[in-house]
Amino acid sequence: MFNEKAQKMKLDDIRELQEERLLKQVRYAYENVPMYKKRFKEEGIKPSDIKKLEDVSKVPFTVKDDLRDHYPYGILAVPKEKVVRFHASSGTTGTPTVVAYNRKDMDVWGDLMARCYDAAGAKPEYIVQNAYGYGLFTGGLGFHQGAEVLGCSVLPTSTGNTKKQVTMLNDFKTDVLACTPSYAIYLAEAAEKHGYDPIEDFDLKVGMFGAEPWSEEARDSIEESYDMKAQDVYGMSELYGPGVAIECSEQKGLHIWSDHFLVETIDPNTGEVLPEGEKGELVFTMLTREAMPLLRYRTKDVGSVTYEECECGRKHPRIESIDGRSDDMLIVGGVNVFPSQVEDALLETEGIAEHYQIIVDRDVLDRLFVRAEVDRDYYESDEYDEEKLKEEASENLKAVLNINARLKLLQPGSLPRTVGKAKRVIDQREEHDRIEEL
Ligand SMILES: [Zn+2]
């Protein structure tokens with residue numbers, strides 16, 4: 001059920017509810033998940049030590065490896081028979097992580113996603129074209145269920161078959177497009193190739209984009225090509241899936257549905273809780289999930305959280321910006337580099353398109369290479385000046401990154417396009433290390 005009222009809760013009421021739920025959830029996890037009982041004992045704490053909201057800092061962290069180590073059923077707090085849905089990561093980097101939902105969890109997830117659609121500007125009478133992948137990945141079914149809970153009509157197109165996606169956007173006059181931001185950019189290109197004008201022929205009003213980090217420049221590009229609002233959605237499969245946080249119409253950060261999630265920011269190196277507003281790793285405690293409660297789950301996403309009032313009237317705190325995953329962060333010659341910074345610098349340069357690749361390798365010292373496509377209109381215009389563009393983009397990169405990157409400009413359309421998350425970083429340093437060892 002769509003809990004519209006919960007969106008407008010006052011902050012004091014949210015905090016009060018969080019405290020009540022936290023105390024209950026800590027005891028619930030301790031009593032029903034052996035991993036938590038063991039860990040609490042090791043740390044010498046009991047659920048009764050958690051008396052108020054701030055005491056959450058005494059609770060041990062949970063990390064992704066805990067899910068892998070307990071594959072597939074080890075963190076279940078309910079009997080297997082009570083589970084109504086499983087999702088799992090692809091497992092491309094090792095044992096998959098499994099998440100489980102009972103009936104009540106599914107209802108909560110549906111409500112969280114319905115709130116996201118609503119806050120992003122979708123209406124019950126809208127048609128939602130859902131181009132997220134259906135399957136073990138939480139994106140497809142998460143976006144699907146939330147749209148139905150709000151009352152929208154769903155076109156479950158899933159990923160791929162770009163020509164059909166474009167045709168349906170035109171024929172059905174879809175109102176909401178849900179997919180990764182890189183696919184939205186690709187779809188606009190593809191639409192034109194198939195003879196459609198995304199503004200004249202389509203009737204898109206809102207885009208719900210998540211599952212990968214994207215920049216303000218990418219947003220501008222999407223909003224301009226379709227003449228619609230492009231809204232950022234935040235979530236991850238460990239925390240239900242999409243639906244943890246959403247941008248409202250103000251587009252000034254993502255509201256976290258904090259009656260169900262308690263958020264903290266921590267120093268990723270020491271684990272220390274940081275003061276409000278400071279940038280750090282985002283940590284979430286799931287306050288209500290029954291099938292698989294997660295306490296203080298370390299997301300590896302780096303960002304900051306504000307409790308300042310938003311003009312939309314929602315008092316739920318906002319993630320101000322996500323710099324990227326601490327996992328994605330590259331350390332190049334001792335300097336921290338987030339792929340999102342590279343994107344910002346590139347797209348700040350007029351004449352560069354949204355398609356780029358970052359390559360790091362090592363030749364005694366680390367080297368950073370950036371390959372970026374030139375914008376098609378600019379490339380085909382008489383004003384195109386490769387040297388000038390390269391110089392300008394290199395300066396922007398240097399200003400943002402504080403290190404030199406070797407930039408190569410590519411013809412429009414040279415880099416591979418993707419229907420899911422774009423593979424933008426290639427780190428070849430490990431291979432070199434291995435060669436040297438031989
Ligand atoms: Zn707002």
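Numbering of ligands and ligand atoms starts at 1, following listing order.
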Problem set entry | Residues K205, D227; criterion salt bridge (Lys or Arg N to Asp or Glu O under 4.0 Å); working and verdict | CA-CA 7 Å; K205 297 169 185 77; D227 189 21; over 6 Å; no
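Side-chain atoms of T349 and L389, non-hydrogen and from C-beta on, do get closer than 4.5 Å to each other.
Ion pair E189/R376 not flagged as a salt bridge, since none of the NZ, NE, NH1 or NH2 atoms sits closer than 4.0 Å to an Asp/Glu carboxylate oxygen. The residues D259 and K5 are annotated as not salt-bridged, no charged nitrogen and carboxylate oxygen being separated by less than 4.0 angstrom.
For the Zn ion (ligand 1), the nearby protein N/O/S atoms, meaning those under 2.8 Å, are C248 SG, H255 NE2, C310 SG, C312 SG.
Using cut-offs of 30° and 60° for the angle between ring planes, the Y240 and W109 rings count as parallel.
Seen from the ring of Y30, K46 does not count as a face-on cation partner, given the 6.0 Å and 45° thresholds.
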